[in-house]
2 protein chains.
Amino acid sequence: MSSISIKDIAAKAQVSTATVSYVLNGTRNVKQQTRERVLQVIEEMNYKPNNAAQSLKRRRTNTIGVIAEDVTVFNVPEIIDGINDCADRLDMHILLTNLRLDKRIGRSFDDLDAYRHFAENAVSELLSKQVEGIIYIGVHPRDLTGLCDTFGKPIVYTYCYTQNDPSIQYDDEQASYEAMEYLVNKGHSRIAIISGALDSIPSRLRFNGYYKAVTEFELPFDPLLIKMGDWEAESGYRTTKELLSLAVPPTAIMSMNDVMAVGILRAAHEMGVAIPEELSVIGFDNREFSEYLTPRLTTMGLPLHEIGYEAMEALSRILQGEETAIDPKPVCKLIERDSVASP
Amino acid sequence: MSSISIKDIAAKAQVSTATVSYVLNGTRNVKQQTRERVLQVIEEMNYKPNNAAQSLKRRRTNTIGVIAEDVTVFNVPEIIDGINDCADRLDMHILLTNLRLDKRIGRSFDDLDAYRHFAENAVSELLSKQVEGIIYIGVHPRDLTGLCDTFGKPIVYTYCYTQNDPSIQYDDEQASYEAMEYLVNKGHSRIAIISGALDSIPSRLRFNGYYKAVTEFELPFDPLLIKMGDWEAESGYRTTKELLSLAVPPTAIMSMNDVMAVGILRAAHEMGVAIPEELSVIGFDNREFSEYLTPRLTTMGLPLHEIGYEAMEALSRILQGEETAIDPKPVCKLIERDSVASP
DNA sequence: CTGTTAGCGCTTTCAC
DNA sequence: GTGAAAGCGCTAACAG
């Protein structure tokens, strides 16, 4: 604890503590000469106002809490970065809590009870630290209704949602549709899709985009081209083998994530099918590894930075008591690389 | 600001604020019945003690600051996770500051002046928030001496260092040596190495390990097997083409990072050299993508979680005033996958 | 076993 | 243009 306080500054500069406070905050006019003297003493003594005392007195902290389900999961750091970006601009401060869910409970996301405890503790601690609002970052898009109570403090969810609170999510359906549109424009019509786990929201939404594209572009609809994966590479591998063994195989495959696309690449390689010459592949997520694959994977990039930024902005607006204008959902952006060609 | 305070609880429970404080902190014996009444009121009113007031009074925050140069760089999240892990055990709290260096100044790491400003601000803010110490996480191992002054507060650096402060770093030389040892045990003796940028510390250290292995295992020393890369995939690609064109090409290549290993794989593929049958490859860093390459890359994994954990522990010991026992450096761990075979 | 009260470091009203 | 002093919410010494 830097034991040097406003009193020390006041004494050394031969003014009252009030005056020191005034020059510090610019709350009132202070004679030029006095101000300079104070400033100099502050500088000399490396004085830093005690933020706890300030908050206590001001009854404001200008701080919001961020609860991250797990900072080591791929989507989280970039979202945090977006929040920081916006918070810096708004001169807001961030208190980050890492729930460490992946390490602590593994993948049992659906069992709210398994981690309610952690979430409640995090909220409680943040509230105790007088945050003015909270942003909750999920590791997987899902319904978190009833996870925890914030006792009236505003909360914004991102990369997940609840039925009662505001949340910022990117547009999965549009992304899926746009990926299809890209493939169609390249000349494909026999396009297969490999889904993620069926009980997941992004899977459902991305299916919607797929069907919408199939309908709008009047593509031949063939149920054989629809495969159920589980987000893991192995499922991409297995289903691709099936797909390529079809009497009339697809000319393109859209994978609901990049990891399964790895399996697609592997299966095609083994079967001597050249990508993109004989088979186009498009992934989802723009994971870091996607550009290191051979061929470099074309994929839908998630607007992670943007949803973080928007979440912060939304929370800030709520704190200002502004009308919650419903912004358009941030959209995914296609990253064109080398795994797609015309058939 | 949850306007409900200890006074409200005291009034409703018909005791003094002191008593409330005592039951809250267990600082003194309170009659069972009284305690229960107080606890119940607290529960009912969702009372959370104001942490700012507590800190002010206690003159302790139990909080340390963490300055991350950039949370979106691959090594940082896992280090943060390690810090969290240890902090949870020690019942310490973390204030995380993200400098966003990668986005703000790009890769000009060596120009301290370009970001001194950001670092100083971060320290200043943290000090103002009464942190008891600081951990600084770099995005690249390098000398940061003179970056910023912490005015006497203890600071521990990790994934970077200064000449005057404690720092936690993993053992690069040992890792490089061990990778070589692994290759030698597999039967290789003509082992090439592709370095990172020459002005970087890890490059130098990893060279040391290489030379040490060459000497100890009495490998034939051939300068032609030593290639200068720059950490990027392209340099791995280029140098591998040179290596494979040698009169007597190497049977194994050790790459100083996984990204350059991608270039190696690509070059070998183009030249029709099978990995691992005709050429073994070992990478460095265990980046997420390394297991998605074909073949899955064998690589040296960095003990990121561990250095975070150790940094927290070291700082804690310093705060306790304990002797700074010099711990052994955390060591890298070989991740055996499919890119290495016997020649 | 419980209460009274000073005071942590700061901001801000009121007075001059 | 400046200062005195109250009080933010809490803890802990002191008193009973």
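Since the model is a prediction, treat every value here as computed from it, not as a measurement. Protein chains get the first letters and strands the later ones, always in sequence-line order, with residue 1 at the start of each.
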Relative to the 5' end of DNA chain D, which residue comes earlier, B:A53 or B:Y22, by the nucleotide with the nearest heavy atom?
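Comparing both residues, the 5'-ward one is B:A53.
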The answer to which of A:T34 and A:T17 contacts DNA chain D further toward the 5' end, by nearest nucleotide, is A:T34
Is the shortest distance from a Lys or Arg side-chain nitrogen in B:R100 or A:D85 to a carboxylate oxygen in the other one below 4.0 Å?
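Answer for the salt bridge query: yes.
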Can B:E69 and B:R104 be counted as an ion pair, charged N to O under 4.0 angstrom?
no
Check whether any side-chain N or O of [X] sits under 4.0 Å from OP1 or OP2 of [N], and answer yes or no.
| X | N | result |
| --- | --- | --- |
| B:R59 | C:dG9 | yes |
| B:S55 | C:dC8 | no |
| B:Y47 | D:dC10 | yes |
| A:Q54 | C:dT11 | yes |
| A:N25 | C:dT11 | yes |
| B:T19 | C:dT2 | no |

Quick one: the side chain of A:K57 and the base of D:dG7, do they pair up donor-acceptor inside 3.5 Å?
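Such a pair exists between side chain and base.
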Between B:K48 and A:F151, is NZ or CZ placed under 6.0 angstrom from the six-membered ring centre and within 45° of the ring axis?
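Yes, B:K48 and A:F151 form such a contact.
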Expressed in angstrom and rounded to an integer, what is the separation of [X] atom [atom1] from [N] atom [atom2]?
| X | N | atom1 | atom2 | answer |
| --- | --- | --- | --- | --- |
| A:R58 | C:dC8 | CZ | P | 20 Å |
| B:E36 | C:dC1 | CD | P | 14 Å |
| B:R37 | C:dT2 | CZ | P | 8 Å |
| B:D8 | D:dC8 | CG | C1' | 13 Å |
| A:I4 | C:dC8 | CD1 | P | 15 Å |
| B:L56 | D:dA12 | CG | C1' | 14 Å |

So what does B:V20 touch, heavy atoms closer than 4.0 Å: a base, only the sugar-phosphate, or nothing?
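Counting heavy atoms under 4.0 Å across all strands, no contact is made by B:V20.
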Of the non-hydrogen atoms in B:Y115 and B:Y136, which two are nearest, and what is the gap between them?
CE1-OH, 4.4 Å
Does the pair B:Q163 and B:D143 meet the rule for a side chain to side chain donor-acceptor pair (under 3.5 Å), with working shown?
CA-CA 7 Å; B:Q163 284 158 30; B:D143 188 344; 2.7 Å; yes
